[in-house]
2 protein chains.
Amino acid sequence: MDVFEAVAEPSRRTLLDLLLEGERPAGELVAGLPALSQPAVSRHLRVLRDAGLVDVRVEAQRRIYALRPTGFAEVEAWLERYRRYWSGHLDALEGHLARRQQAGDDHEGEST
Amino acid sequence: MDVFEAVAEPSRRTLLDLLLEGERPAGELVAGLPALSQPAVSRHLRVLRDAGLVDVRVEAQRRIYALRPTGFAEVEAWLERYRRYWSGHLDALEGHLARRQQAGDDHEGEST
DNA sequence: GCGTTATATAATCCTCCTCGGATATAGTCG
DNA sequence: CGACTATATCCGAGGAGGATTATATAACGC
């Protein structure tokens with residue numbers, strides 16, 4: 001399951017949010033999603049791990065989870081291409097919008 | 001369907017990629033995904049529209065699709081919170097990575 | 001007005017995957 | 001042993017995604 005699918009699931013985003021406040025043992029994460037059973041949360045954590053979004057550290061019988069840049073970097077890279085698109089087309093976009101406002105372009109639906 | 005789910009689908013990301021090269025009429029987008037039927041592509045475009053990722057302009061009998069910043073901004077905003085996390089924890093992160101390298105940690109990143 | 005082109009949408013049917021529950025088990029420590 | 005977790009099954013509900021087919025528009029060319 002790729003990063004995008006991993007992040008598409010609300011419960012998983014909640015887990016990431018919890019980790020935004022700092023690393024946490026699995027137990028706390030399970031407690032953070034009271035609607036889900038322990039195995040369910042564990043499965044979500046597995047997905048997040050595989051997607052490179054979180055990192056685990058073993059501490060005695062605990063597994064401490066923390067955010068991990070890898071997966072986020074993937075999303076970042078994907079988004080970056082579109083960000084470049086805007087910057088590359090910003091002038092054209094602005095020009096377009098300006099023209100629409102001012103002239104009431106040819107292909108416009110409105111007759112104002 | 002929220003932006004994250006919209007973007008999670010590979011075919012839809014392909015459509016966005018096509019639009020990265022510039023705006024295109026629906027017909028070309030349909031042609032760009034030969035594996036899918038016209039209604040299927042049209043449904044994907046619908047999802048992208050609803051998610052605010054693309055914009056449509058009617059031109060004669062054609063519908064010209066183009067990227068639209070709105071939806072991307074949502075992902076951007078989400079990602080931003082994590083980006084701030086890294087900058088806030090960069091020192092801790094570096095320390096952590098250094099420790100991993102030195103110690104040769106056991107729980108290395110399994111890819112699948 | 002007609003026929004054609006370009007699209008969207010709807011309806012139906014199908015397949016497959018995801019998510020969750022429940023339960024049991026195994027491994028690792030303290 | 002008992003706490004903490006991961007995993008493995010098995011099961012069921014639900015939805016996503018696709019194919020088809022058909023229909024409704026809207027605009028163009030004749």
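Numbers restart at 1 for each chain; the letters A, B, ... are given by sequence-line order, proteins then strands.
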**Q.** Footprint string (nucleotides 25-30 of chain D, 5' to 3'): B base within contact, S backbone only, - free, heavy atoms under 4.0 Å
**A.** --BS--
Round to a whole Å and report the spacing from [atom1] of [X] to [atom2] of [N].
X: L45(A); N: dC4(D); atom1: CG; atom2: P; result: 16 Å
X: E59(A); N: dT5(D); atom1: CD; atom2: C1'; result: 14 Å
X: E9(A); N: dA16(D); atom1: CD; atom2: C1'; result: 14 Å
X: D2(B); N: dA16(D); atom1: CG; atom2: C1'; result: 14 Å

Hphob cluster co-occupancy, [X] + [Y], side-chain heavy atoms under 4.5 angstrom:
X: M1(B); Y: V3(A); answer: no
X: L18(B); Y: V47(B); answer: no
X: V75(B); Y: L15(B); answer: yes
X: I64(A); Y: L19(A); answer: no

Q | Distance in Å, R63(A) CZ paired with E23(A) CD, rounded so as to fall on 0.5 Å steps | A |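 Between atom CZ of R63(A) and atom CD of E23(A) there are 15.0 Å.
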Q: Starting at OG of S42(B), measure out to CG of L36(B) and round the result to the nearest 0.5 Å.
A: 11.5 Å
Q | DNA chain C: 5'-most and 3'-most nucleotides touching chain B, 4.0 angstrom heavy-atom criterion | A |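 Both ends considered, the range comes out as dA6(C) to dA11(C).
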Q | Main-chain N/O of A6(B) paired to R12(B) side chain as donor or acceptor, under 3.5 Å | A | yes
Q: For DNA chain C, find the residues of residues 31-39 of chain B with a heavy-atom distance under 4.0 Å and give them by number; none if there aren't any.
A: Q38(B), P39(B)
Q.
Are more than 12 heavy atoms, taken from residues, nucleotides or ligands other than R62(A), located less than 6.0 Å from that residue's CZ atom?
A.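 No, not enclosed.
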It should be established whether [X] places a side-chain nitrogen or oxygen under 4.0 Å from OP1 or OP2 of nucleotide [N].
X: Y65(A); N: dC4(D); result: no
X: S11(B); N: dG18(D); result: yes
X: H44(B); N: dA16(D); result: no

Q) Is R83(A) salt-bridged to E76(A), going by a charged N under 4.0 Å from an acidic O? A) yes
Q) Under the 6.0 Å and 45° cation-pi test, does R13(A) pair with F4(B)? A) yes
(Q) With salt bridge (Lys or Arg N to Asp or Glu O under 4.0 Å) as the criterion, how do D17(A) and R81(B) come out once you've worked through the C-alpha distance, each side chain's angles and the decisive distance to 0.1 Å? (A) CA-CA 9 Å; D17(A) 282 353; R81(B) 297 163 53 218; 2.7 Å; yes
Q. Contact class for R43(B) vs. all strands (heavy atom < 4.0 Å): base, sugar-phosphate, or nothing?
A.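 Base, at least one base heavy atom under 4.0 Å.
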